[in-house]
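These numbers come from a predicted model, not from an experiment. Residue numbers start from 1 in every chain, and the chains themselves are labelled A, B, ... in the order their sequence lines are given, proteins ahead of strands.
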2 protein chains.
Amino acid sequence: MLKSISLDRDEGTQLAELFRLLGEPNRLRLVTACLDGPRSVGELTALAGISQSLVSQHLRLLRAGRLLRQHRAGRRVYYDLPDCHVRSMLINMLEHMREPDEGEEENES
Amino acid sequence: MLKSISLDRDEGTQLAELFRLLGEPNRLRLVTACLDGPRSVGELTALAGISQSLVSQHLRLLRAGRLLRQHRAGRRVYYDLPDCHVRSMLINMLEHMREPDEGEEENES
DNA sequence: TCAACATATGAACATCTTTGCATATATACC
DNA sequence: GGTATATATGCAAAGATGTTCATATGTTGA
């Protein structure tokens, strides 16, 4: 586990890089599509509704950022999540997003 | 709690937007700097090592995305996290990042 | 070997974002 | 009111990113 968060400069940059990868709708869809198990590039292309070429471009970035893992089976290439952190992080963010406004503090004088 | 993740198109886009906000090193530093309690813009400017103007620009975006909350005290404006989800999400991602490589599966034939 | 299928890559283009600078607003104190 | 401090905003330039298209690589089976 982790007691506290204190990011040094490098870690901050590296972490931002991970978030940047998830910050693109198509890429995020590719990741979430892999939450229920490995998906082939073909499946992902159909699910995401974008060109196969574009899917591959995004998958390459996600692979490089270790947000997705690749393995081959015959002529298909499958992608899945490397660990459970991404999953729980997605859940947390989704909760945050779905939460109603709490601290709006309008300053109308 | 949340049983499963199934994002519709809109939620996906919205969630990606949140990640995009965290995907910029300076902005991520501003958010993490607020993890230990409210920080004034002045403090944040010193901590982040960028111009006050730029800090304000980023704070505005973080505010709009409800990743930070704003409240005024005298001539100072303080920022802090609106809920605990962002915190736990950051922890999860940090763990993911610090984890050693698991699934590299080199295909060298 | 060849053709057919599945995936990956390179380069050019269009777009979006970050940044810096100047300036505007807001608050406090005299 | 006027001045100093604290924060916010508008705009243009510079830089980074997503997308498309064409093509390359890798795999299977005849």
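Rounded to whole Å, atom P of dT3(D) lies 16 Å from atom CZ of Arg75(B). What separates CG of Leu30(A) from C1' of dT19(D) is a distance of 14 Å, to the nearest Å. Taking atom CZ on Arg76(B) and atom P on dA4(D), their separation rounds to 18 Å, with Å as the unit. In this structure, CZ of Arg29(A) is placed 13 Å from C1' of dG18(D), rounded to the nearest angstrom. The separation between Leu61(A) atom CG and dG18(D) atom C1' is 10 Å, rounded to whole Å.
Taking 3.5 Å as the limit, the base of dT20(D) and the side chain of Gln57(A) contain a donor-acceptor pair of atoms between them.
The side-chain hydrogen bond (donor to acceptor under 3.5 Å, both in side chains) with Asp80(B) is formed by just one residue from the set His71(B), Gln70(B), Arg69(B); it is Arg69(B).
Within 4.0 Å (heavy atoms only), Tyr78(A) reaches no atom of the nucleic acid at all.
Applying the 4.0 Å criterion to OP1 and OP2 of dT9(C), one finds that Arg60(A) has a side-chain N or O inside that range.
At a threshold of 4.0 Å, the pair Glu43(A)-Arg76(A) does not count as salt-bridged, since none of the basic side-chain nitrogens sits closer than that to a carboxylate oxygen.
At least one side-chain heavy atom of Thr13(B) sits under 4.5 Å from a side-chain heavy atom of Arg29(A).
A donor-acceptor pair is defined here as one N or O able to donate and one able to accept, closer than 3.5 Å; such a pair exists between the side chain of Arg27(A) and the backbone of Leu21(A).
An end-to-end axis angle of 30° holds for the helix from dT1(C)-dA30(D) to dC30(C)-dG1(D), taken from five base pairs per end and rounded to 10°.
Listed by residue number, Val41(A), Gly42(A), Gln52(A), Ser53(A), Ser56(A) are the residues of residues 41-56 of chain A with a heavy-atom contact under 4.0 Å to DNA chain C.
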Distance-only criterion, 3.5 Å: show the donor-acceptor pairs between side-chain atoms of residues 46-55 of chain A and protein atoms not counting sequence neighbours.
residue, atom, partner, partner atom, Å
Ser51(A), OG, Leu54(A), N, 3.1
Gln52(A), NE2, Ser56(A), OG, 3.2

